[in-house]
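Notes follow the structure.
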Amino acid sequence: MIKKIKSKEVGFFFDQTGNLEASCYYQNDSIVTPIVFYNKQDSIFVRHPKVDKREVFFLKSSKKWVVGTIMTHKADSTEIEVIGRYIKTGKDTFDIQEEASLSNSASLKKEAEYWSNREIKPIYLFGTEELREFYFRQFNSSKMNFNKAIVIDVSLNEAGNIENIDFPRNLNTLNYEEESELAFLFSRMERWQPYFSKNTTIKTTTRLELGSSVKN
């Protein structure tokens, strides 16, 4: 879900069952503030924007926050370092209490690695409407009777907007009229929740498979 707040947009990312997975702010389609990840609706991992190939993170462990960094060596190579315990010293200030037991903790590094590699799949209309509701409206508005299985590839950009809709001919038995009608019906499809990967949103293609019972 994207909401406009002054010049920024706040993005909420949900899983398939409606649970909040992550939130962040956007400006000009770029993340400009820390990304907050959630576990059972409670914040558990905060990932700050990258500065000189390094990202600071906060991880909640045993109800207390620890601080660490994610160092990017290559596009697919990162190094996790746990520094110490987060200590709040004032309203807007904090300190880091270095602890060897934390820095050497393999379990903390593994947990931080899990959250730093988090991926959240696309969801139609940010989960505010189920795809079957969209199918019902579109197929009931059509004069054609699609009594056959249909496979559709929906290509999404980084913002979750649809870039292309394709009906793979090796997986479908659609004639020209059916494919044209489907292209028109699915051109009405609205924005999706973008595919979130690690610390950004990426382009992706989502495959939809409709059973032979789809008809008006």
Which of Phe186, Tyr135, Phe134 passes ring-ring contact (aromatic ring centres under 6.0 Å, His included) with Tyr124? It is Phe134
Can you tell me if [X] uses its side chain to pair, donor with acceptor, with the backbone of [Y] under 3.5 Å?
{"X": "Thr33", "Y": "Tyr25", "value": "yes"}
{"X": "Ser187", "Y": "Phe184", "value": "yes"}
{"X": "Arg47", "Y": "Ser116", "value": "yes"}
{"X": "Asn140", "Y": "Phe136", "value": "yes"}
{"X": "Ser103", "Y": "Val82", "value": "yes"}
{"X": "Ser180", "Y": "Glu177", "value": "no"}
{"X": "Asn172", "Y": "Val151", "value": "yes"}

Going through the distances and angles, do Glu178 and Lys148 end up as a side-chain contact (heavy atoms from CB on, under 4.5 Å)?
-> CA-CA 11 Å; Glu178 290 172 331; Lys148 60 177 67 178; 2.9 Å; yes
Pair Lys60-Ser43, side-chain contact (heavy atoms from CB on, under 4.5 Å): steps then yes or no = CA-CA 8 Å; Lys60 186 182 290 183; Ser43 56; 4.3 Å; yes
Kindly say whether the aromatic ring centers of Phe126 and Phe14 come within a distance under 6.0 Å.
-> no
Stepwise, does the side-chain contact (heavy atoms from CB on, under 4.5 Å) test hold for Tyr195 with Thr206?
-> CA-CA 10 Å; Tyr195 193 111; Thr206 295; over 6 Å; no
Can a salt bridge be assigned to the pair Glu55 and Lys198 using a cut-off of 4.0 Å between side-chain N and carboxylate O?
-> no
Salt bridge Arg169-Glu179, side-chain N to carboxylate O under 4.0 Å | yes
Salt bridge (Lys or Arg N to Asp or Glu O under 4.0 Å) involving Lys203 - partner list, sequence neighbours excluded = Glu163
Salt bridge (Lys or Arg N to Asp or Glu O under 4.0 Å) filter on Asp153, not counting sequence neighbours, yields Arg207
Spatial distance of atom [atom1] ([X]) from atom [atom2] ([Y]) [nearest 0.5 Å]:
{"X": "Leu156", "Y": "Ile202", "atom1": "CG", "atom2": "CD1", "answer": "10.5 Å"}
{"X": "Glu81", "Y": "Met71", "atom1": "CD", "atom2": "CE", "answer": "10.0 Å"}
{"X": "Gln193", "Y": "Thr201", "atom1": "CD", "atom2": "OG1", "answer": "10.5 Å"}

Pairs touching residues 104-119 that satisfy salt bridge (charged side-chain N to carboxylate O under 4.0 Å, His left out), sequence neighbours left out = Glu21-Arg118
Heavy atoms of other groups near Asn175 CG, more than 12 under 6.0 Å | yes
Around Glu133, counting heavy atoms of other residues, nucleotides and ligands shown, do more than 12 lie under 6.0 Å from its CD?
-> yes
Under the side-chain contact (heavy atoms from CB on, under 4.5 Å) criterion, do Ser142 and Leu185 qualify, and how do the steps go?
-> CA-CA 8 Å; Ser142 175; Leu185 295 178; 4.0 Å; yes
Check the side chains of Tyr38 and Ser23 for a donor-acceptor pair under 3.5 angstrom, ignoring hydrogens and angles.
-> yes
Any idea how Trp115 and Phe37 line up, ring-wise: parallel (<30°), tilted (30 to 60°), or perpendicular (>60°)?
-> tilted
